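It should be emphasised that the depicted structure is a prediction, and the values quoted were computed from it without experimental measurement. Each chain gets a letter, A, B and so on, in the order its sequence line appears, and its residues count up from 1.
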Protein chains: 2
Amino acid sequence: MESKIFQEFLSRRGLKLTKERMSVLRQIFSIHGHFDPEHLYLSIRDSDMKASRASVYRTLNLLVESGLVERITRSDKGNVYEHTYGHRHHDHMICTACGEVIEFFSEHLEDLQKMICEQHQFAGTTHTLEIRGNCKACQKRKK
Amino acid sequence: MESKIFQEFLSRRGLKLTKERMSVLRQIFSIHGHFDPEHLYLSIRDSDMKASRASVYRTLNLLVESGLVERITRSDKGNVYEHTYGHRHHDHMICTACGEVIEFFSEHLEDLQKMICEQHQFAGTTHTLEIRGNCKACQKRKK
DNA sequence: TCTGAATTGCAACTCAATCTCAATATCAGT
DNA sequence: ACTGATATTGAGATTGAGTTGCAATTCAGA
Ligand SMILES: [Mn+2]
Ligand SMILES: [Mn+2]
Ligand SMILES: [Zn+2]
Ligand SMILES: [Zn+2]
């Protein structure tokens, strides 16, 4: 599972799976859904497995590099992440009125992107598709 | 053209098209391609049409709201923009090795996104699709 | 020309994220 | 178990893009 993968990723770079890194990994994979670094840090601080803010940020970057975690959004107010291991890839719709996030997946969309990459002889590895607009509830509320 | 549109956008909000705002608008539409706020500011400072850094940022936000300019990317090192008026909408592939940006457009992709929005009863207005990977040149260089 | 609202530039401020660095932990070789 | 080389940590300092407060200035309309 995820700690094994992280372990291997780290040793391949001459790094160690310390208890602080383990804390971050654990916490992230216990969270259902999206999270930001500050809340992640606070939830770790308030648990029994401690890690400093610096270590949380450092580990988060390592996890992104390892592919276990993805950065979903970068906003003025900071970044939002989610763990991807164990989840099917998906993209996001974000309501600019209430902030709601809708997750969606389309095989067709993925295939199409692959084709477009081929056309441009581009070796795509990851992508982020973010559709902004208004959710159903906010559409009604505006009328 | 663009100044007319901006003009109308501003007056609709009780704002004025001042010479500082005009400077920013002019400079942006004289740039071919992507730009960041700091370079925009510097190029304005070094031209004959002056505007402070604060005004540049403030105007940039107004231009985004008006739809004449889009924010393409938000990175650690700051945001990147491009003007959209006069250009067909397109998305971006970004080479994580050399930073090259490839612009592309697919009618099919756009249609598909519309369909997906409908399925989720989401009123999409804008989207950002960013495909990361390696450009042709960097693929060769790595071998 | 008078008046109120909008605008400007500067500097102070915000705040997520990174960095510095001394203390500490880890591990391989002896 | 001792030793040196390397990796890691946490606390606080620092960075830097972007925002904001505010006094002076511009502007449009009466
Ligand atoms: Mn998600
Ligand atoms: Mn572009
Ligand atoms: Zn909403
Ligand atoms: Zn490249």
Side-chain angles (χ1 to χ4, degrees), chain A residues 3 6-28 34-66 69-81, chain B residues 3 6-28 34-66 69-81:
Chain A
S3 63
F6 195 34
Q7 168 71 269
E8 275 164 18
F9 167 81
L10 290 171
S11 66
R12 226 176 298 128
R13 314 212 337 187
L15 306 178
K16 298 156 194 168
L17 182 46
T18 63
K19 61 182 185 309
E20 285 82 4
R21 286 175 181 156
M22 200 60 195
S23 296
V24 176
L25 183 67
R26 277 251 185 71
Q27 196 61 41
I28 286 176
H34 302 171
F35 65 89
D36 64 85
E38 181 64 15
H39 282 85
L40 176 61
Y41 163 64
L42 292 176
S43 65
I44 288 170
R45 176 157 66 56
D46 298 344
S47 75
D48 47 348
M49 326 167 298
K50 309 296 178 190
S52 70
R53 192 178 267 107
S55 286
V56 169
Y57 274 101
R58 287 189 282 233
T59 305
L60 205 40
N61 287 335
L62 287 170
L63 284 166
V64 169
E65 288 178 55
S66 80
V69 171
E70 258 178 37
R71 180 169 35 234
I72 297 174
T73 291
R74 325 184 73 132
S75 79
D76 322 357
K77 270 107 197 16
N79 300 340
V80 176
Y81 298 81
Chain B
S3 63
F6 195 34
Q7 169 71 271
E8 275 163 18
F9 167 81
L10 290 172
S11 65
R12 227 175 298 127
R13 313 216 331 193
L15 306 178
K16 299 159 192 168
L17 182 46
T18 63
K19 60 183 187 308
E20 285 82 3
R21 285 176 182 157
M22 201 60 196
S23 296
V24 176
L25 183 69
R26 277 252 185 72
Q27 197 61 39
I28 286 177
H34 303 172
F35 65 89
D36 63 85
E38 182 64 15
H39 282 85
L40 176 62
Y41 164 64
L42 292 175
S43 65
I44 288 170
R45 177 157 66 57
D46 298 345
S47 75
D48 48 348
M49 325 167 298
K50 311 295 180 189
S52 71
R53 193 177 268 106
S55 286
V56 169
Y57 274 101
R58 287 190 278 234
T59 305
L60 205 40
N61 288 335
L62 287 170
L63 284 166
V64 169
E65 288 178 55
S66 80
V69 171
E70 259 178 36
R71 180 169 36 233
I72 297 174
T73 290
R74 324 183 73 132
S75 79
D76 321 355
K77 272 116 198 10
N79 301 339
V80 176
Y81 299 80

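- For the side-chain hydrogen bond (donor to acceptor under 3.5 Å, both in side chains) test, no residue two or more places apart in sequence or in another chain qualifies with B/N61.
- Distance A/M22 CE to D/dT9 P: 13 Å, rounded to the nearest Å.
- Residue whose closest nucleotide on DNA chain C sits further toward the 5' end, between A/G78 and B/G14: B/G14.
- Separating the CZ atom in A/F35 from the CG atom in A/N79 is a distance of 10.5 Å, to the nearest 0.5 Å.
- For B/N79 and D/dA17, the shortest distance from a side-chain N or O to OP1 or OP2 is not below 4.0 Å.
- Atom-to-atom distance recorded for B/I72:CD1 and B/D36:CG is 11.0 Å, nearest 0.5 angstrom.
- When rounded to the nearest whole Å, the span between CG of A/L15 and C1' of C/dT26 equals 13 Å.
- Here the P atom of nucleotide C/dA16 and the CZ atom of A/F35 are 16 Å apart, to the nearest Å.
- Residue A/I28 holds its CD1 atom at 5.0 Å from CG of A/L40, rounded to the nearest 0.5 Å.
- Checked against side-chain hydrogen bond (donor to acceptor under 3.5 Å, both in side chains), A/T73 has the following partners two or more places apart in sequence or in another chain: A/E130.
- For A/R12, the side-chain contact (heavy atoms from CB on, under 4.5 Å) partners at least two apart in sequence or on another chain are A/E8, A/F9.
- The distance between atom CZ of A/F9 and atom P of D/dA7, rounded to the nearest whole Å, is 15 Å.
- The stretch residues 57-66 of chain B comes close to DNA chain D through B/Y57, B/R58, B/N61, each having a heavy atom under 4.0 Å from the strand.
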Do any side-chain atoms of residues 16-24 of chain A form donor-acceptor pairs under 3.5 angstrom with protein atoms, and if so which ones, sequence neighbours left out?
| residue | atom | partner | partner atom | Å |
| --- | --- | --- | --- | --- |
| A/T18 | OG1 | A/R21 | N | 3.3 |
| A/R21 | NH1 | A/K16 | O | 2.7 |
| A/S23 | OG | A/K19 | O | 2.9 |

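- For B/H34, the side-chain hydrogen bond (donor to acceptor under 3.5 Å, both in side chains) partners two or more places apart in sequence, or in a different chain, are B/E82, B/H92, B/E103.
- Every side-chain hydrogen bond (donor to acceptor under 3.5 Å, both in side chains) that A/E38 has, sequence neighbours left out, goes to A/R53.
- To the nearest angstrom, C1' of C/dA17 lies 10 Å from NZ of B/K77.
- Taking each heavy atom of B/Y81 and B/P37 in turn, the nearest pair found is CE1-CG, 3.6 Å.
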Would you list the protein and nucleotides 24-30 of chain D atom pairs, both N or O, that sit under 3.5 Å from each other?
none

Quiz item: Which is it for A/T59 and A/F6 under the side chain to side chain contact (heavy atoms under 4.5 Å, CB included) test, yes or no, and what are the steps along the way?
Solution: CA-CA 10 Å; A/T59 305; A/F6 195 34; 4.2 Å; yes
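- Atom P of nucleotide C/dT26 and atom CG of A/L17 are separated by 12 Å, given to the nearest angstrom.
- Near DNA chain C, defined here as any heavy-atom distance below 4.0 Å, the residues from residues 37-56 of chain A are A/P37, A/A54, listed numerically.
- Overall, the helix from C/dT1-D/dA30 to C/dT30-D/dA1 carries an axis bend of 20° between its ends, with five pairs at each end and the value rounded to 10°.
- B/S11 contributes atom OG, which lies 11.0 Å from atom CZ of B/R13 (distance to the nearest 0.5 angstrom).
- B/F6 has its CZ atom 13 Å from the C1' atom of C/dT7, to the nearest Å.
- The structure places OG of A/S55 at 14.0 Å from NZ of A/K50, a figure rounded to the nearest 0.5 Å.
- Using a 4.5 Å heavy-atom cutoff, the side chains of B/L25 and B/S3 are in contact.
- The separation between B/R13 atom CZ and C/dA5 atom P is 19 Å, rounded to whole Å.
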